[in-house]
Amino acid sequence: MTPENKKSSLAALTLAAVGIVYGDIGTSPLYTLRAVFDQEHGLPLHQANIMGVISLIFWALTIIVSLKYVTLVLRADNRGEGGIMALMALATNSVTRHSRWSYPLLFIGVVGATMFYGDSVITPAISVLGAIEGLEVAAPGMSHYVVPLAVVVLVVLYSVQRHGTAGIGRFFGPVMLVWFLALAAMGIINILEAPVILNALNPYHALHFMLANKMLAFVALGAVVLAITGAEALYADMGHFGRKPIRMAWFLIAYPALTLNYLGQGGLLIVDPTAVENPFFHQLGTWSVIPLVILSTMAAVIASQATISGTYSMTKQAIALGLLPRMRIMHTSESEIGQIYIPAVNWLQLVVVLIAVIGFGSSDELAGAYGIAVTATMTMTTILTFFVTRYRWHLPLWVCLGATGFFLTIDILLFSSTALKLFHGGWFPLLMGLTLLILMLTWKRGRELVFQNLQKHAIPLEAFMESLFVAPPTRVPGTAIFLRGESDGVPHAMLHNLSHNKVLHERVVFLTVHIREEPWVAPDEQIQIVDLGHNCYQLNIHYGFKDEADIPDILERSGELGLQFEMMETSFFIARQTVISAPGGGMAPWRENLYVAMSRNARSAADYYQIRTNRVIELGTQIEI
């Protein structure tokens with residue numbers, strides 16, 4: 001690639017990153033200052049407090065986003081991939097397999113993931129509400145229409161998800177670029193009206209604000225957190241854009257624009273304290289409200305789209321890592337493998353988002369719920385980063401403790417301040433997180449119990465094959481593929497077939513899918529074939545947790561390694577497991593029943609691995625846990 005093409009590609013990726021990565025944090029000026037100076041907090045609105053709050057926001061953007069995420073956490077990539085799931089896999093791989101830290105790290109990663117789900121529900125609700133609330137500034141009588149309009153926008157947004165974003169995705173970058181330019185321009189205009197606000201860049205004002213207001217400042221800190229929502233998204237999207245475009249988009253566009261706008265809003269409040277009812281929409285006067293409502297609604301939809309897509313990606317990773325049951329995953333683009341749509345997640349998330357919008361009714365009410373989800377995820381990320389820096393990068397202990405300890409102290413402080421909102425909305429993401437945590441840990445533990453049961457009754461494959469061919473059964477034309485779990489013995493489907501049909505196909509293939517704790521596996525490393533003799537083979541397939549599970553594609557590529565398949569002469573034998581809760585099992589009865597219910601509603605293996613249904617033969621087997 002020529003230097004000119006490299007520059008063009010980098011510019012295109014940077015623009016795309018502006019649209020996707022920074023949509024969430026880019027819409028935070030809609031509601032942050034309004035939430036900080038909410039009358040419920042009791043924080044007096046005067047110049048010293050305004051300077052202190054703006055200083056806090058600036059240094060939060062600098063320390064949390066610029067230093068922690070953009071500088072440090074982006075370095076912790078799992079083969080180019082980011083996000084809490086990728087970080088959890090990287091951290092667990094960094095410690096020894098049987099280390100005492102393995103399960104705690106899994107738990108920390110799962111907690112972070114469940115909080116991300118909470119974030120992904122609140123982001124569409126608070127962003128769209130915050131944008132449409134601008135109508136109240138233009139016409140106070142429109143306040144009754146804010147929630148209905150937000151519901152309409154969100155229903156339309158979720159209804160078009162099945163069509164993918166290939167058509168409209170190309171506009172995300174330019175629209176968000178216009179949004180950030182508008183933020184910067186409005187900020188500069190209001191800074192010129194009150195240049196004294198530039199003094200807020202001095203951290204003295206943040207410290208003085210905290211010391212002078214004490215408890216009031218601590219409460220306000222929970223609202224200041226809203227300015228850094230979306231920081232986790234820039235790490236989660238690293239695999240789509242790469243480290244450099246994300247960093248360039250932040251330092252060249254998002255960071256300066258956000259800083260200027262918050263300074264401008266601070267300057268506006270110094271000049272006109274009455275604008276505190278909605279500082280964002282008062283920045284340019286009444287003439288600009290309607291255009292700003294339109295632009296901010298577009299930005300809010302883009303921010304929502306980013307979190308919705310992130311939820312799909314997170315769910316797919318969780319399924320691959322054995323934390324959630326298999327679900328139907330649809331691909332919305334023939335060229336972009338990462339563009340997926342999960343119907344069950346889409347509609348369930350819409351229901352919860354609408355509950356949040358209707359139940360809370362305003363962005364101010366949602367602010368407390370938002371902060372607690374964000375700071376919980378940030379805290380889990382910092383803890384996992386310590387294990388990566390210590391055991392993956394092998395940095396000195398004092399360096400690891402110093403770097404992550406500094407950020408962890410800030411995370412805990414921010415989480416503590418948002419926790420004060422526990423009974424004012426904070427319970428909402430925690431309830432969602434707890435529900436998902438129970439589901440994920442129950443599914444993982446249930447799978448372990450099923451595996452243990454299968455292992456207990458497993459017949460070693462090698463010994464069985466030797467005994468089988470002492471007096472071989474009748475062999476019939478065609479190929480039989482038996483799906484076989486990792487470390488399983490003889491597949492139950494094969495035992496049932498021999499028991500009932502008394503025949504064996506002329507070629508037998510045992511197919512095992514191995515999921516590695518890394519995002520991608522190179523195509524030339526995915527397929528491994530072992531000749532077992534008597535025209536029987538073990539076919540091992542290795543996937544990363546972000547790879548696309550496509551068995552027909554694997555079988556086609558196996559021909560290059562000497563194992564040809566004719567699909568119309570190939571039958572797939574799959575054991576359909578019916579799990580039964582038995583007394584004295586490995587989990588509490590209610591958890592066992594929950595696992596049984598999840599198992600019954602899980603997507604079939606054939607469907608998940610994209611095997612044609614007319615080539616599948618399912619044979620039932622019962623397993624007690």
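Counting begins at 1 with the first residue of the sequence.
Donor-acceptor pairing under 3.5 Å is recorded for the side chains of S313 and Q317.
Side chain of R392 to main chain of S94: no donor-acceptor pair is present (N/O by atom type, distance under 3.5 Å, no hydrogens or angles). Within the 3.5 Å criterion, the main-chain N or O of S304 finds a donor-acceptor partner in the side chain of T307. For E232 (side chain) and G83 (main-chain N/O), no donor-acceptor pair under 3.5 Å exists by modelled atom type. Checked by atom type and distance alone, the side chain of R603 never pairs as donor or acceptor with a backbone atom of R326 at under 3.5 Å. Judged by distance alone, with hydrogens and angles left aside, the side-chain atoms of N593 form a donor-acceptor pair with the main-chain N or O of P589 at under 3.5 Å. Side-chain atoms of R328 never come within 3.5 Å of backbone atoms of P343 as a donor-acceptor pair (strictly under, hydrogens ignored). For Y608 (side chain) and I329 (main-chain N/O), no donor-acceptor pair under 3.5 Å exists by modelled atom type. Judged by distance alone, with hydrogens and angles left aside, the side-chain atoms of S127 form no donor-acceptor pair with the main-chain N or O of P124 at under 3.5 Å. Side chain of Y235 to main chain of A76: a donor-acceptor pair is present (N/O by atom type, distance under 3.5 Å, no hydrogens or angles).
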Handout entry: Worked verdict on V110 versus K444 for side chain to side chain contact (heavy atoms under 4.5 Å, CB included)
Key = CA-CA 11 Å; V110 171; K444 186 167 185 65; over 6 Å; no
Exercise for the section: For side chain to side chain contact (heavy atoms under 4.5 Å, CB included), just list the numbers for F464 and L498, CA-CA rounded to whole Å, side-chain angles, deciding distance to a tenth of an Å, and then say yes or no. Expected result: CA-CA 12 Å; F464 176 81; L498 285 170; 3.7 Å; yes
Exercise for the section: Show your working on side chain to side chain contact (heavy atoms under 4.5 Å, CB included) between N453 and L449 and close with a plain yes or no. Expected result: CA-CA 6 Å; N453 182 289; L449 292 173; over 6 Å; no
Practice task
Would you sort out whether T570 and E566 count as a side-chain hydrogen bond (donor to acceptor under 3.5 Å, both in side chains), showing the intermediate values?
Solution key: CA-CA 6 Å; T570 301; E566 175 55 53; over 6 Å; no
Handout entry: R591 vs L441, side chain to side chain contact (heavy atoms under 4.5 Å, CB included): CA-CA, chis, key distance, verdict
Key = CA-CA 10 Å; R591 289 187 69 194; L441 295 182; 4.2 Å; yes
Practice task
Test side-chain hydrogen bond (donor to acceptor under 3.5 Å, both in side chains) on E548 and Y543 and set out the steps.
Solution key: CA-CA 8 Å; E548 175 61 22; Y543 283 132; over 6 Å; no
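Applying the 6.0 Å contact sphere to CZ of F107 captures no more than 12 heavy atoms from other residues, nucleotides or ligands. Heavy-atom contacts from other residues, nucleotides or ligands closer than 6.0 Å to CD of E556 number 12 or fewer. Environment of CZ in R447: sparse, with no more than 12 heavy atoms of neighbouring residues, nucleotides or ligands closer than 6.0 Å. With a 6.0 Å radius and a threshold of 12 heavy atoms from other residues, nucleotides or ligands, R162 has its CZ atom at or below the threshold.
Side-chain contact between M378 and F415: absent, with no pair of heavy atoms (C-beta onward) separated by less than 4.5 Å. Under the 4.5 Å side-chain criterion, counting only non-hydrogen atoms from C-beta, W393 is in contact with V388. Between Y537 and F510 there is no side-chain heavy-atom pair separated by less than 4.5 Å. Considering only heavy atoms from C-beta on, E569 stays 4.5 Å or farther from P477 through its side chain. Residues K546 and W520 are in side-chain contact: their nearest non-hydrogen atoms beyond the backbone lie under 4.5 Å apart. N501 places none of its side-chain heavy atoms less than 4.5 Å from the side chain of V476. Using a 4.5 Å heavy-atom threshold, the side chains of V121 and I355 count as separate. Using a 4.5 Å heavy-atom threshold, the side chains of Q161 and L350 count as separate.
Residues T114 and V111 come closest through the heavy atom pair OG1-O, 2.7 Å. I84 and M314 get closest at one heavy-atom pair: CG2-CE, 3.5 Å. Counting all heavy atoms, side chain and backbone alike, Y312 lies closest to N346 at OH-OD1, 2.6 Å. Annotation for C536 and D531: closest pair O-OD1, 3.5 Å, computed over non-hydrogen atoms. The two atoms that bring A369 and F428 nearest to each other are CB-CB, 4.4 Å, heavy atoms only. When all heavy atoms are compared, the tightest approach of N535 to R475 is O-NH2, 4.2 Å.
Atom CZ of F482 and atom CG of L495 lie 9.0 Å apart (nearest 0.5 Å). The structure places CD1 of I527 at 11.0 Å from CG of N540, a figure rounded to the nearest 0.5 Å. With rounding to the nearest 0.5 angstrom, the NE2 atom of H542 is 5.0 Å from the CD atom of Q528. Here the CE atom belonging to M85 is positioned 8.0 Å from the OG1 atom belonging to T315, to the nearest 0.5 angstrom. Summarising the geometry, atom CG belonging to L539 is positioned 7.5 Å from atom CD1 belonging to I551; distances are rounded to the nearest 0.5 Å. Here the CG atom belonging to L234 is positioned 13.5 Å from the CD1 atom belonging to I20, to the nearest 0.5 angstrom.
Ionic pairing of E560 and R557 is not present here: no N-O contact between side-chain nitrogen and carboxylate oxygen is shorter than 4.0 angstrom.
The aromatic rings of H505 and F573 sit perpendicular to each other, their planes meeting at more than 60°, with 30° as the lower class boundary. The aromatic rings of H492 and H496 lie tilted to each other, with the angle between the two planes from 30° to 60°.
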